[in-house]
There are 2 protein chains.
Amino acid sequence: MMDEMEIVKRLKEKGYVLSMPRIAILRYVLSHRTHHTAESIYKALRQEYPNISMATVYNTLKLLSKEGVVHQIMIDENKVVYDSNTYFHPHFKCRVCGKIEDVDLPFNFQIPDELGGRKIEDFHIYLYGVCADCRKKLGI
Amino acid sequence: MMDEMEIVKRLKEKGYVLSMPRIAILRYVLSHRTHHTAESIYKALRQEYPNISMATVYNTLKLLSKEGVVHQIMIDENKVVYDSNTYFHPHFKCRVCGKIEDVDLPFNFQIPDELGGRKIEDFHIYLYGVCADCRKKLGI
DNA sequence: CTTTTGATTTATAATTATTCTTGAAAGAAG
DNA sequence: CTTCTTTCAAGAATAATTATAAATCAAAAG
């Protein structure tokens with residue numbers, strides 16, 4: 001996974017202007033390599049950058065997603081979550097508390113780059129159920 | 001996969017009232033065992049039931065999904081798609097034309113019902129890329 | 001059969017996540 | 001500098017979905 005300097009270099013080469021809000025968002029997601037939403041980033045950055053706007057957060061996340069710096073994950077039916085840990089891993093969502101977690105599968109998983117004539121460029125695995133904490137609390 | 005009669009029986013046992021719009025929606029999705037959206041069902045049924053409402057379609061799809069008659073698939077970032085083919089199969093979305101297709105994996109795939117302390121109740125696999133038609137058209 | 005009761009429907013308003021628009025500001029290029 | 005382009009913030013607009021409230025309907029009881 002690339003570090004900030006390499007990413008900044010690559011984005012500049014692509015002609016993007018690395019303005020203050022973009023750098024702030026990039027730096028924030030890279031320093032927390034986990035799941036984010038537009039809203040959570042907005043709230044976290046509003047303290048330091050009080051006049052950043054939601055639209056900028058959305059636009060920047062879309063940009064970073066297009067450039068592969070973060071991955072869009074669609075495990076949640078009502079919002080898009082962005083993951084700055086871009087190594088492939090399945091995601092799990094607890095139906096009780098709603099928490100999203102990374103999971104490791106107990107076996108190797110490989111998707112061919114061609115399937116039935118289609119070109120496969122990306123794939124996602126989402127698991128649903130009850131997380132360990134909620135099982136304990138509920139005794140199930 | 002259960003047929004209409006069995007499903008109706010099971011839903012009645014659970015105490016649901018099987019009203020006309022519910023039956024119509026159920027019958028429609030069972031006679032087209034593929035992907036639907038609230039909107040596509042609404043449009044299809046409006047001819048025969050001119051005063052059915054979107055809210056009813058949404059509510060009924062949610063009910064059918066809760067009861068396992070259809071599956072919610074979240075491959076599309078801006079709307080929920082319902083699949084009335086409830087045998088497990090991965091889904092594919094073409095990034096060019098947006099079409100959603102069922103795919104067969106060239107190997108067996110099994111998820112344990114417990115993983116890292118979590119209870120796994122359901123899982124989804126989504127593939128993204130370019131479909132066979134679009135590849136032909138674009139020559140890629 | 002009626003009546004009653006609670007579930008369901010419709011129409012519409014509200015909400016939520018996201019995108020678009022606009023004018024201003026900041027950068028890059030000449 | 002001056003011009004051309006890109007990006008920004010703010011808020012309006014949009015699309016999918018959910019909530020609300022009044023009307024209707026289905027099923028059970030009488």
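Numbers restart at 1 for each chain; the letters A, B, ... are given by sequence-line order, proteins then strands.
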Asker: In whole Å, what is the span from the CD1 atom of Ile23(A) to the P atom of dC8(D)?
Answerer: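 About 11 Å, once rounded to whole Å.
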
Asker: Could you tell me the separation between the CE atom of Met74(B) and the C1' atom of dA16(D), rounded to a whole number of Å?
Answerer: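 To the nearest whole Å, that distance equals 14 Å.
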
Asker: Rounded to the nearest 0.5 Å, what's the gap from CG on Asp83(B) to CD1 on Ile75(B)? Could you check?
Answerer: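 The CD1 atom of Ile75(B) is 10.5 Å from CG of Asp83(B), to the nearest 0.5 Å.
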
Asker: Are Arg22(A) and dC8(D) close enough that a side-chain N or O sits under 4.0 Å from OP1 or OP2?
Answerer: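 Arg22(A) to dC8(D) OP1/OP2: side-chain N or O found under 4.0 Å.
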
Asker: Using residues 20-30 of chain A as the side-chain source, report each donor-acceptor pair under 3.5 Å to any protein atom, sequence neighbours left out, with the distance given to one decimal.
Answerer:
| unit_1 | atom_1 | unit_2 | atom_2 | d |
| --- | --- | --- | --- | --- |
| Arg22(A) | NH1 | Val17(A) | O | 3.0 |
| Arg27(A) | NE | Glu4(A) | OE1 | 3.3 |
| Arg27(A) | NE | Glu4(A) | OE2 | 3.2 |
| Arg27(A) | NH2 | Glu4(A) | OE2 | 2.8 |

Asker: Rounded to the Å, how far apart are Tyr42(A) OH and dA10(D) C1'?
Answerer: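 Rounding to the nearest Å, OH of Tyr42(A) and C1' of dA10(D) are 10 Å apart.
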
Asker: Sequence neighbours excluded, which residues qualify as side-chain hydrogen bond (donor to acceptor under 3.5 Å, both in side chains) partners of Glu67(A)?
Answerer: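 Residues passing side-chain hydrogen bond (donor to acceptor under 3.5 Å, both in side chains) with Glu67(A): Lys14(A), Tyr16(A).
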
Asker: Test: ring-ring contact (aromatic ring centres under 6.0 Å, His included). Region: residues 117-140 of chain B. Which pairs qualify, not counting sequence neighbours?
Answerer: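 Residue pairs passing ring-ring contact (aromatic ring centres under 6.0 Å, His included), neighbours aside: His124(A)-Tyr128(B), Tyr126(A)-Tyr126(B), Tyr128(A)-His124(B), Phe88(B)-Phe123(B), Phe109(B)-Phe123(B), His124(B)-Tyr126(B).
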
Asker: Are the side chain of Arg118(A) and the backbone N or O of Leu115(A) linked by a donor-acceptor pair below 3.5 Å?
Answerer: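 It does hold such a pair.
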
Asker: What is the distance from OH of Tyr16(B) to P of dT9(C), rounded to the nearest Å?
Answerer: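 Nearest whole value for this atom pair: 12 Å.
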
Asker: Collect all protein-nucleotide pairs involving nucleotides 24-30 of chain C in which both atoms are nitrogen or oxygen and the distance is under 3.5 Å.
Answerer:
none

Asker: Go through dA9(D), dT8(C), dT10(C) for me and flag the one nearest to the Ser53(A) side chain.
Answerer: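 Shortest atom-to-atom distance from the side chain points to dA9(D).
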
Asker: Quick one: which of dA10(D), dT10(C), dC8(D) gets closest to the side chain of Asn51(B)?
Answerer: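 Nucleotide nearest to Asn51(B)'s side chain: dT10(C).
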
Asker: Can you list the other members of the hydrophobic cluster that holds Met5(A), where links are side-chain heavy atoms under 4.5 angstrom apart?
Answerer: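 Joined to Met5(A), directly or through intermediates: none.
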
Asker: Could you state the atom-to-atom distance from CD1 of Ile25(A) to P of dT7(D) in whole Å?
Answerer: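 Result: 13 Å.
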
Asker: List, by chain and number, the other hydrophobic cluster members for Val96(A), where Ile, Leu, Val, Met, Phe, Trp and Tyr join if side-chain heavy atoms come within less than 4.5 Å, directly or indirectly.
Answerer: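 Traced through the cluster, Val96(A) reaches Val130(A), Leu138(A), Ile140(A).
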
Asker: I need the CZ-C1' distance between Arg46(A) and dA10(D), as an integer number of Å.
Answerer: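 Arg46(A) atom CZ is separated from dA10(D) atom C1' by 15 Å.
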
Asker: What residues form a side-chain hydrogen bond (donor to acceptor under 3.5 Å, both in side chains) with Tyr42(A), not counting sequence neighbours?
Answerer: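 With sequence neighbours excluded, Tyr42(A) shows a side-chain hydrogen bond (donor to acceptor under 3.5 Å, both in side chains) to no residue whatsoever.
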
Asker: Scan nucleotides 15-22 of chain C nucleotide by nucleotide, 5' to 3', and note B when protein non-hydrogen atoms come under 4.0 Å of the base, S if they reach only the sugar-phosphate, - if neither.
Answerer: --SBBB--

Asker: Report the residues that fulfil salt bridge (Lys or Arg N to Asp or Glu O under 4.0 Å) with Lys12(B), sequence neighbours left out, ordered by chain and then residue number.
Answerer: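 Salt bridge (Lys or Arg N to Asp or Glu O under 4.0 Å) check on Lys12(B) returns nothing, list empty.
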
Asker: Round to the nearest Å and state the distance from Leu11(A) atom CG to dT6(D) atom P.
Answerer: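 For the pair Leu11(A) CG and dT6(D) P, the rounded distance is 16 Å.
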
Asker: How close or far is atom P of dT8(C) from atom NZ of Lys12(B), stated in whole angstroms?
Answerer: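 Between P of dT8(C) and NZ of Lys12(B): 13 Å.
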
Asker: Pick base, sugar-phosphate or nothing for Leu18(B), based on heavy-atom distances below 4.0 Å to the nucleic acid.
Answerer: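 Result for Leu18(B) = nothing.
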
